[in-house]
Each structure stands twice: as C-alpha cells, then as structure tokens.
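Remarks on the structure that follows.
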Amino acid sequence: DHFRPKKKVLYEDDNTDQGGYWWLAFDWMNYRYSGPAPNVRKKDYFHVNANKAMTYGDAIENEDIRFLDPIKITEPKKLSFDNSGEVRPFNSDHTSRDHIQAEYTIRRMNLNKEGLIEGRRTKYHDTSKLIQAIDISIRSQKIKYDTAREMAIDAGKKKLFEMACRQSEYSAAVKFCLKSSGYDWALDIAIDAA
C-alpha cells in the first residue's frame with residue numbers, strides 16, 4: 001500500500017486535509033507491505049511534524065514524520081515485544097521522539113489487534129522454548145560431547161535463523177526474543193538473520 005497517502009493527508013489533531021502525495025501514486029519507493037488490519041486503520045493518516053512536502057519537487061526526505069518507516073534500518077528497533085504478544089515502544093520515556101513515533105505507529109496501524117497479538121505470542125513462546133532446549137543441549141555438550149546432540153543443536157539454530165529471517169511471519173518478535181534471551185549465540189542468530 002502507499003506509505004504516504006496519495007489523495008489526502010489527515011492529522012489526528014484536527015482531521016483537516018493537509019494535501020496528499022499525488023505525485024507519489026506510482027512511485028515504487030512509496031509502497032510498503034501491509035496487512036489488512038494496519039492498512040484499514042492507517043487510512044489517510046500521515047502526521048508530518050515539520051517540513052511537509054506539498055508538491056512534486058519538494059524534498060520528502062526532509063519531512064519529519066511521525067510514523068515509523070519499516071524500510072529504515074533503525075526504525076523497527078524502536079518497537080519491543082513481550083511474551084504476551086503485545087508490541088510496545090522500546091523507549092519508555094513518553095516524551096522522547098522514539099516513544100512518540102512508536103506509540104503513534106502502534107495505534108494508527110492497529111499493531112495490537114488480537115489476531116496479531118495471538119500470532120506474536122505463539123511465535124514468541126515457540127522461540128523461547130527452542131532457545132531453552134538448545135541452551136540445555138549446549139551446556140550438556142560442554143560436559144560430554146555427542147555428535148547427534150551437536151547435529152540437533154545445529155538444526156535448532158537453523159530453525160531459529162529461519163524464524164528470524166525477514167520473510168518469516170512475526171520475525172521481529174522472534175528477533176526480540178533472541179536478543180533478550182541473554183545468550184550470545186542467540187544474539188548472533190538475530191544479527192545474522194537481519
């Protein structure tokens with residue numbers, strides 16, 4: 001779907017039309033993958049804090065936007081996930097720019113819709129169980145090496161890598177679980193899957 005709306009742009013504060021991005025209607029750089037829940041809730045909302053581009057030729061890269069942009073490498077890191085499946089702002093300071101952007105994106109995109117929460121919760125629990133099983137095996141390997149166990153560890157790590165890859169469903173929740181596990185080997189998988 002269009003990231004910047006093509007027909008009109010609404011701000012939550014006053015719901016007045018701020019002018020759409022008609023010139024970006026067919027620009028492939030203005031498209032983002034979006035499921036039905038986020039797309040329906042987003043509608044024409046696209047809050048620009050400052051420097052809104054008003055017409056063709058204006059520099060959209062100078063816009064200070066409130067939405068997190070998933071194609072910017074640092075933006076998804078502004079979100080956190082918990083074992084209940086909910087997504088929250090990573091930064092807990094309610095006045096910080098990161099928190100405001102994350103909260104706006106979560107609310108406007110309906111990222112805590114029940115179906116999404118359930119899917120993330122299931123994926124987070126599956127990831128956590130697999131991490132614990134692998135770590136038990138790793139500790140057992142240090143006591144007494146076993147070739148079959150080593151193969152099982154490798155298979156488990158490969159499975160976690162696949163779950164954390166960008167193409168996998170709920171991969172952000174999987175990566176967050178890997179990073180927050182406290183295990184260096186799990187962090188390495190999250191980094192490699194990025």
Side-chain angles (χ1 to χ4, degrees), residues 1-82 84-121 123-124 164-176 179-180 190 193-194:
D1 190 38
H2 293 96
F3 184 57
R4 288 175 167 81
K6 59 184 184 270
K7 293 182 183 176
K8 62 182 177 178
V9 170
L10 302 176
Y11 292 4
E12 286 184 330
D13 306 338
D14 57 13
N15 269 339
T16 58
D17 184 1
Q18 303 295 321
Y21 298 85
W22 54 268
W23 66 96
L24 297 176
F26 299 106
D27 185 340
W28 68 274
M29 289 296 294
N30 189 39
Y31 285 87
R32 307 292 185 272
Y33 284 109
S34 180
N39 194 30
V40 168
R41 277 290 287 274
K42 179 181 175 284
K43 297 180 189 173
D44 295 318
Y45 289 99
F46 193 82
H47 193 101
V48 180
N49 300 319
N51 306 320
K52 183 175 181 322
M54 297 304 289
T55 189
Y56 181 78
D58 287 353
I60 61 170
E61 59 273 5
N62 291 335
E63 287 186 329
D64 176 14
I65 64 172
R66 191 158 300 172
F67 269 117
L68 295 177
D69 189 349
I71 67 169
K72 290 185 178 176
I73 197 159
T74 59
E75 301 282 86
K77 295 176 184 177
K78 296 177 183 180
L79 301 173
S80 70
F81 302 86
D82 61 24
S84 73
E86 285 197 36
V87 60
R88 294 191 175 97
F90 184 80
N91 188 325
S92 60
D93 176 5
H94 294 311
T95 61
S96 73
R97 175 183 170 74
D98 288 355
H99 181 92
I100 292 167
Q101 277 188 295
E103 187 280 325
Y104 179 78
T105 302
I106 292 164
R107 185 171 35 82
R108 273 281 34 117
M109 300 290 274
N110 201 18
L111 296 181
N112 279 327
K113 182 180 180 206
E114 185 51 43
L116 295 174
I117 289 174
E118 185 180 326
R120 285 192 297 262
R121 179 175 42 240
K123 191 65 80 157
Y124 194 98
C165 279
R166 196 173 296 193
Q167 300 83 356
S168 180
E169 249 186 342
Y170 307 113
S171 61
V174 172
K175 286 179 192 164
F176 195 83
K179 290 175 185 176
S180 61

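Take Glu114 and apply the salt bridge (charged side-chain N to carboxylate O under 4.0 Å, His left out) test, not counting sequence neighbours, and it matches Arg121. The salt bridge (charged side-chain N to carboxylate O under 4.0 Å, His left out) test applied to Asp44 returns no partner, not counting sequence neighbours. Checked against side-chain hydrogen bond (donor to acceptor under 3.5 Å, both in side chains), Tyr104 has no partners two or more places apart in sequence or in another chain. With sequence neighbours excluded, the residues that form a side-chain contact (heavy atoms from CB on, under 4.5 Å) with Ser168 are Lys123, Ser171. Under the rule for a ring-ring contact (aromatic ring centres under 6.0 Å, His included), Tyr124 has no partner lying at least two apart in sequence or in another chain. For Phe3, the ring-ring contact (aromatic ring centres under 6.0 Å, His included) partners are Phe46, not counting sequence neighbours. Listed by chain and number, the residues in a side-chain hydrogen bond (donor to acceptor under 3.5 Å, both in side chains) with Asn62 amount to none (sequence neighbours excluded). Looking at residues two or more places apart in sequence or on another chain, you find no salt bridge (charged side-chain N to carboxylate O under 4.0 Å, His left out) involving Glu118. Thr74 meets the side-chain hydrogen bond (donor to acceptor under 3.5 Å, both in side chains) test with no other residue; sequence neighbours excluded. Residues meeting the side-chain hydrogen bond (donor to acceptor under 3.5 Å, both in side chains) test with Tyr31, sequence neighbours left out: His2. Residues forming a salt bridge (charged side-chain N to carboxylate O under 4.0 Å, His left out) with Lys78 (at least two apart in sequence, or on another chain): Glu75, Asp98.
Between Gln101 and Leu68 the shortest heavy-atom distance is CB-CD2, 3.6 Å. The shortest non-hydrogen separation linking Asp17 to Gly20 is OD1-N, 4.3 Å. Summarising the geometry of Pro76 relative to Pro70, their closest heavy-atom pair is CG-O, 4.1 Å, with the distance given to 0.1 Å. Scanning all heavy atoms of the two residues, the minimum distance from Ala102 to Leu79 falls at CB-CD2, 3.8 Å. Residues Ile60 and Ala53 share a closest heavy-atom pair of CG2-CB, 3.6 Å.
In this model, no donor atom of one side chain and acceptor atom of the other lie less than 3.5 Å apart for Thr105 and Glu103.
Shown here is Met54, whose CE atom has more than 12 heavy atoms of other residues, nucleotides or ligands within 6.0 Å.
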*side chain to side chain contact (heavy atoms under 4.5 Å, CB included) assessment of Asp93 paired with His99*: CA-CA 6 Å; Asp93 176 5; His99 181 92; 5.7 Å; no
*Could you walk me through whether Thr55 and Trp22 pass side chain to side chain contact (heavy atoms under 4.5 Å, CB included), step by step?*
CA-CA 8 Å; Thr55 189; Trp22 54 268; 3.6 Å; yes
*Check step by step if side chain to side chain contact (heavy atoms under 4.5 Å, CB included) holds for Lys77 and Phe90.*
CA-CA 7 Å; Lys77 295 176 184 177; Phe90 184 80; over 6 Å; no
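Applying the side chain to side chain contact (heavy atoms under 4.5 Å, CB included) test between Tyr21 and each of Lys7, Lys8, Lys52 identifies Lys52 as the sole match.
Checked by atom type and distance alone, the side chain of Tyr11 pairs as donor or acceptor with a backbone atom of Val48 at under 3.5 Å.
Val87 has its side chain out of reach of Leu116: every pair of non-hydrogen atoms, C-beta onward, lies at least 4.5 Å apart.
If you take OG1 on Thr16 and CG on Leu10, they are separated by 7.5 Å, rounding to the nearest 0.5 Å. To the nearest 0.5 Å, atoms CZ (Phe81) and CD (Glu86) are separated by 11.5 Å. Leu111 CG to Arg120 CZ: the interatomic distance, rounded to the nearest 0.5 Å, is 6.5 Å.
Sequence neighbours left out, the pairs with a member in residues 63-72 that pass salt bridge (charged side-chain N to carboxylate O under 4.0 Å, His left out) are Arg4-Glu63, Arg32-Asp69, Asp64-Arg97.
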